[in-house]
Q: 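Next up is a structure, given as structure tokens.
In each ligand, atom 1 is the first atom listed, and ligand 1 is the first ligand listed. Note that the structure is a prediction, hence the values are computed from the model and not measured.
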Amino acid sequence: MPLSPEAEAEIAALRSETKPTLRAVSEGMEAHLHHAIPVLDHGFVRVVDYMGDDSAICQAARVSYGRGTKSVQNDEGLIRYLMRHWHSTPFEMCEVKLHVKLPVFVARQWIRHRTANVNEYSARYSILDREFYIPAPDSLAAQSAVNNQGRGEALAGEEAERVLSWLRDDAMRAYDHYEAMISRDGQQGLARELARMNLPASIYTQWYWKVDLHNLLHFLRLRADAHAQYEIRVYADAICNVVKDWVPFAYRAFEDYRLGAVTMSSQMMDCLRRMLAGEAVTEDNCGMSKREWREFRESLGQA
Ligand SMILES: Cc1cc2nc3c(=O)[nH]c(=O)nc-3n(C[C@H](O)[C@H](O)[C@H](O)COP(=O)(O)OP(=O)(O)OC[C@H]3O[C@@H](n4cnc5c(N)ncnc54)[C@H](O)[C@@H]3O)c2cc1C
């Protein structure tokens with residue numbers, strides 16, 4: 001259950017209040033505002049606030065007084081040009097504030113993105129909930145044999161059951177001791193800031209995360225990628241769906257020029273030219289490392 005009934009009621013109350021505004025409004029984003037999108041077993045992503053829309057990007061690029069819009073096609077063309085040529089500052093004019101509930105081990109990866117503003121739930125002040133991420137059976141994968149930073153086939157049978165019960169039992173036992181340590185019961189009770197150190201990294205935390213669109217797209221480029229860990233990728237995927245509705249032109253350009261694009265080194269470009277000229281280019285004569293050759297072939301869909 002990502003949200004308690006009380007939290008659901010607070011969100012319903014927020015969504016029932018509307019005010020007229022002179023600010024730019026994105027209809028797609030208004031539909032998301034305040035709603036919690038479930039992610040993993042107890043997590044969510046919720047848009048708390050936002051600033052700007054596609055036309056705000058164009059307005060900044062043109063430094064105009066009004067909406068600055070010549071036509072919708074012009075706006076999309078301009079956004080695509082900006083994205084293609086890494087003219088990034090107009091994208092920084094849009095911002096979003098998210099409320100995210102996520103396991104601590106996912107938060108450790110997420111927090112590496114330094115170009116955002118974060119305020120996290122205080123486990124010095126408050127008591128953490130008894131909520132731990134327990135992978136769904138099909139996400140319970142073995143260590144990858146080819147990638148040290150990845151996973152392979154899903155575990156099955158007795159091994160899967162044993163791992164799941166360890167994950168559950170260890171988390172519950174740690175939480176029982178956490179509760180026992182902080183409970184007063186006539187005694188002083190250990191400080192929350194100390195008792196929490198006993199909890200596993202699968203426990204959920206929450207934060208408000210505010211970021212501009214340029215840096216958000218950078219985050220999504222890295223974390224919605226197939227190489228990112230599944231547990232952070234599902235958050236990135238949920239945010240991609242929000243961004244698609246918030247700034248549809250910018251998102252389409254992002255899909256075309258970032259998500260679906262590949263970067264080629266000068267050696268790769270050289271190989272590509274030789275291949276187009278009809279030469280048989282192989283791993284032995286490509287002038288690249290084995291790994292780079294594999295990546296090159298993958299980017300050509302030849303892996
Ligand atoms: C698949 C994957 C595997 C990873 N594995 C590891 C790992 O094994 N170990 C590990 O430690 N990390 C790992 N990381 C984290 C990674 O190294 C980055 O820290 C993380 O992705 C944040 O990227 P960033 O610095 O570009 O983002 P942000 O912090 O959002 O920064 C955005 C951009 O701003 C600029 N910038 C921000 N701060 C500074 C600064 N202080 N100085 C100069 N420029 C700055 C840089 O251009 C940067 O690219 C991994 C990330 C991914 C996606």
Q: Just one of His32, Glu95, Glu30 clears the side chain to side chain donor-acceptor pair (under 3.5 Å) bar with Tyr50, so which one?
A: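 Output: one option passes, namely Glu30.
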Q: Does Arg223 have a non-hydrogen atom less than 4.0 Å from ligand 1?
A: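 Within the 4.0 Å threshold, so yes.
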Q: I want to know if ligand 1 touches Thr115 in the polar sense, i.e. an N/O pair below 3.5 angstrom.
A: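 N/O-N/O distance below 3.5 Å exists for this pair.
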Q: I need the contact type for His218 against ligand 1. Using non-hydrogen atoms and a strict under-4.0 Å cut-off, is it side chain, backbone, both or neither?
A: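 Within the 4.0 Å criterion, His218 contacts ligand 1 through side-chain atoms alone.
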Q: Quick one: closest heavy-atom pair of Ser126 and Tyr178, and the distance?
A: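 Minimum heavy-atom contact is O-OH, 4.2 Å.
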Q: Over all heavy atoms of both residues, which pair between Asn215 and Asp212 is shortest? Give the atoms and the distance, please.
A: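 So the minimum-distance heavy-atom pair works out to N-OD1, 3.0 Å.
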Q: Show the nearest heavy-atom pair for residues Ser139 and Tyr230, with the distance to one decimal.
A: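 Where Ser139 meets Tyr230 most closely, the heavy atoms are OG-CE2, 3.6 Å.
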Q: Quick check: does Arg114 get an N/O under 3.5 Å from an N/O on ligand 1?
A: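 Yes, Arg114 has an N/O under 3.5 Å of an N/O on ligand 1.
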